[in-house]
Amino acid sequence: MTMPATAAQGDVMIEMRKVDKFYGDFQVLRNIDLTVSRGERIVICGPSGSGKSTLIRCLNQLEEHQAGEIVIDGTMVHANLRGIEDIRREIGMVFQSFNLFGHLTVLENCTLAPMKVRGIGRAEAEATARTILERVHIPEQALKYPVQLSGGQQQRVAIARSLCMNPKIMLFDEPTSALDPEMVGEVLDVMVELAESGMTMIVVTHEMGFARKVADRVIFMDAGEIVEVAPPEQFFTAPRNERTKKFLGQILHAQQS
Amino acid sequence: MSYEFDFADVFAAWPELLQGLLNTLVLSALAMAIGMVVSVAGALGKTSGPKWLRWFIDEYIELIRNTPFLIQIFMIYFGLPSLGIKLSSNEAALIALVVNVGAYGIEIIRAGIESIQKGQVEAGKSLGMRPLQIFRYIVLKPAIQAVYPSLTSQFILLMLNSSVCSAIAASELTAVAGDIQSRTFRSFEVYFVVTCIYLGLSLFFWSAFAGIERTLLRKPTR
């Protein structure tokens with residue numbers, strides 16, 4: 001996807017400018033600059049500890065950044081922002097460990113936030129939830145509890161739960177890393193369908209097939225820095241940075257074996 | 001041993017005993033209900049309140065857990081009137097029981113809250129829920145489920161502790177037993193019967209707690 005050189009203000013969904021983040025003395029993010037347009041699909045990869053999860057967790061301020069600016073759909077976010085909830089509800093997030101609410105049914109997981117945060121009535125929230133559960137191919141599980149589902153099903157519920165808030169952005173934090181191999185596909189399929197619907201997505205993953213298929217840009221991070229940004233074709237066939245080449249060599253080797 | 005057991009006088013006093021039983025039941029159940037509210041609110045304050053509130057709650061817990069219950073009752077019943085707060089003995093008993101069980105209940109519920117995985121809270125945040133909504137709809141129920149056995153044990157102790165309230169002549173079971181005993185001199189018989197009644201009350205509360213666990217706090221199974 002090529003953006004016009006002069007993107008209108010409304011077309012920028014996420015902007016990070018010179019963002020630094022520290023855990024104590026340890027710097028997790030270094031001078032991160034990243035602009036994501038509306039509808040753009042970004043895949044972030046990199047070795048563990050490279051800061052890729054931290055980067056997306058700063059976007060909805062599950063983690064605070066210490067320097068630089070983060071602007072989400074025109075609003076600057078920071079640690080002490082009153083009404084951070086108003087920003088977060090526009091940003092869906094899918095976690096590696098699903099984080100479904102175990103004491104609630106699938107349907108209740110999907111209707112809780114729409115009812116409590118958006119003030120939608122139960123009947124409407126349930127109707128929406130059932131439509132979206134249909135979209136992630138598990139309408140028949142609506143009345144079950146998370147422990148009664150497989151990992152792949154749970155992660156699809158987690159995606160549905162986020163989508164029920166009708167977010168403008170979806171963040172995925174290694175969504176398939178905790179899954180048994182045979183369940184990875186069903187989750188990726190749902191994510192591909194979501195990408196095709198025009199959702200703005202940032203996906204932290206090592207699923208290179210997914211990156212090739214849907215990403216507009218692939219970002220490689222190492223040691224808290226964005227090392228390389230490129231369209232997937234170029235990223236996989238002609239990476240420029242030595243660290244990228246080394247990482248791709250390791251990961252592609254591992255995924256083929 | 002030439003003592004002849006005679007339960008006739010004690011059984012003759014059954015209306016009093018029944019009244020004492022009911023009073024203990026109501027007093028304990030009320031103290032449990034209010035104590036539960038105090039425990040949840042206190043645990044919330046202790047885990048996510050401002051610093052001054054955490055300090056206050058800590059001091060309250062230490063004060064109550066390191067002083068005798070009897071002295072707490074005397075403080076409320078005999079001490080407070082000096083400050084212009086006059087309470088009936090039953091009111092004082094209820095307040096003392098709530099104040100006492102709250103200190104233990106806060107720590108129990110706090111442990112439950114801390115057992116909840118951080119990811120649950122993060123999921124709530126990422127959906128745009130406010131802190132109190134996250135506590136109310138995501139954290140509270142699993143937290144109570146996690147510590148329910150400790151919590152109910154503490155509530156049973158509360159019920160047994162209510163017998164100490166006889167010291168300020170609250171009209172509960174132990175006080176009634178004292179009256180009957182001093183009138184009939186049938187100490188063994190009176191306290192034997194009262195022991196059985198307390199045992200029955202414990203069984204009643206245990207089964208009520210089990211019923212609550214089966215219905216309101218039921219955990220989904222695979």
Side-chain angles (χ1 to χ4, degrees), chain A residues 53 56-57 59-63 82-106 108-119 143-150 154 157-158 161-173 178, chain B residues 36 39-40 43-44 47-52 108-152 209-222:
Chain A
S53 290
I56 63 169
R57 288 164 60 86
L59 295 176
N60 62 358
Q61 291 288 295
L62 289 184
E63 307 271 0
R82 288 186 73 85
I84 183 68
E85 289 86 2
D86 295 346
I87 312 274
R88 283 181 180 148
R89 67 188 190 186
E90 308 297 341
I91 310 175
M93 186 172 227
V94 174
F95 301 86
Q96 180 176 350
S97 50
F98 325 140
N99 295 351
L100 292 176
F101 308 132
H103 62 297
L104 301 178
T105 63
V106 165
E108 289 165 340
N109 266 275
C110 291
T111 56
L112 178 64
M115 286 167 62
K116 300 303 170 191
V117 176
R118 293 222 190 263
L143 299 179
K144 289 197 179 167
Y145 286 89
V147 295
Q148 296 161 340
L149 305 180
S150 72
Q154 288 193 48
V157 172
R161 177 177 68 179
S162 289
L163 291 179
C164 284
M165 286 296 284
N166 194 21
K168 295 176 179 160
I169 301 167
M170 282 289 286
L171 307 174
F172 293 83
D173 189 0
Chain B
M36 185 70 193
S39 301
V40 169
L44 177 62
T47 48
S48 44
K51 213 170 174 183
W52 64 267
I108 292 172
I109 304 267
R110 180 188 60 79
I113 291 172
E114 287 175 356
S115 76
I116 303 302
Q117 289 184 352
K118 216 177 73 188
Q120 295 285 300
V121 176
E122 288 185 344
K125 281 184 181 175
S126 77
L127 290 163
M129 297 177 77
R130 293 190 303 276
L132 272 179
Q133 291 178 319
I134 292 173
F135 179 75
R136 165 73 183 79
Y137 298 111
I138 298 173
V139 173
L140 185 56
K141 188 174 171 185
I144 291 173
Q145 282 172 334
V147 295
Y148 194 66
S150 317
L151 197 61
T152 49
F209 295 148
I212 290 171
E213 188 167 31
R214 272 197 311 274
T215 51
L216 299 176
L217 295 175
R218 197 158 60 99
K219 283 189 198 171
T221 49
R222 274 174 209 281

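Please read these numbers as outputs of a predicted model, since none were measured by experiment. Just so we're on the same page: letters track the sequence lines, and every chain starts at 1.
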Say whether, by atom type as modelled, one donor and one acceptor occur between the side chain of [X] and the main chain of [Y] under 3.5 angstrom.
X: E85(A); Y: K125(B); result: no
X: N60(A); Y: S126(B); result: no
X: H103(A); Y: V139(B); result: no

What's the shortest heavy-atom distance between [X] and [Y], and which atoms?
X: M129(B); Y: V117(A); value: CG-CG2, 3.5 Å
X: F95(A); Y: A123(B); value: CE1-CA, 3.8 Å
X: P220(B); Y: G102(A); value: CG-O, 3.6 Å

Practice problem: Determine the option with the most heavy-atom pairs under 4.5 angstrom with chain B, choosing from I87(A), L100(A), L104(A). | Solution: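 Of the candidates given, the most pairs with chain B belong to L100(A).
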Quiz item: Which of the residues K116(A), Q148(A), M165(A) is involved in the greatest number of heavy-atom pairs with chain B at under 4.5 angstrom?
Solution: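 Option with the top pair count is K116(A).
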Side chain / backbone / both / neither for [X] at chain B, heavy atoms under 4.5 Å:
X: I84(A); answer: neither
X: R57(A); answer: side chain
X: F101(A); answer: both
X: L112(A); answer: side chain

Quiz item: With only heavy atoms counted, which part of Q133(B) is less than 4.5 Å from chain A, the side chain, the backbone, both or neither?
Solution: side chain
Quiz item: Is it the side chain or the backbone of K219(B) that comes within 4.5 Å of chain A heavy atoms, both, or neither?
Solution: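 Neither part; nothing is under 4.5 Å.
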Practice problem: State the CG-CZ distance between L127(B) and R89(A), to the nearest 0.5 angstrom. | Solution: 12.0 Å
Quiz item: Quick one: CZ on R130(B) to CZ on R88(A), what's the gap to the nearest 0.5 Å?
Solution: 12.5 Å
Quiz item: Above 12 or not: heavy atoms from other molecules or residues under 6.0 Å from CD of Q117(B)?
Solution: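 Counting other residues, nucleotides and ligands, CD of Q117(B) stays at 12 neighbours or fewer.
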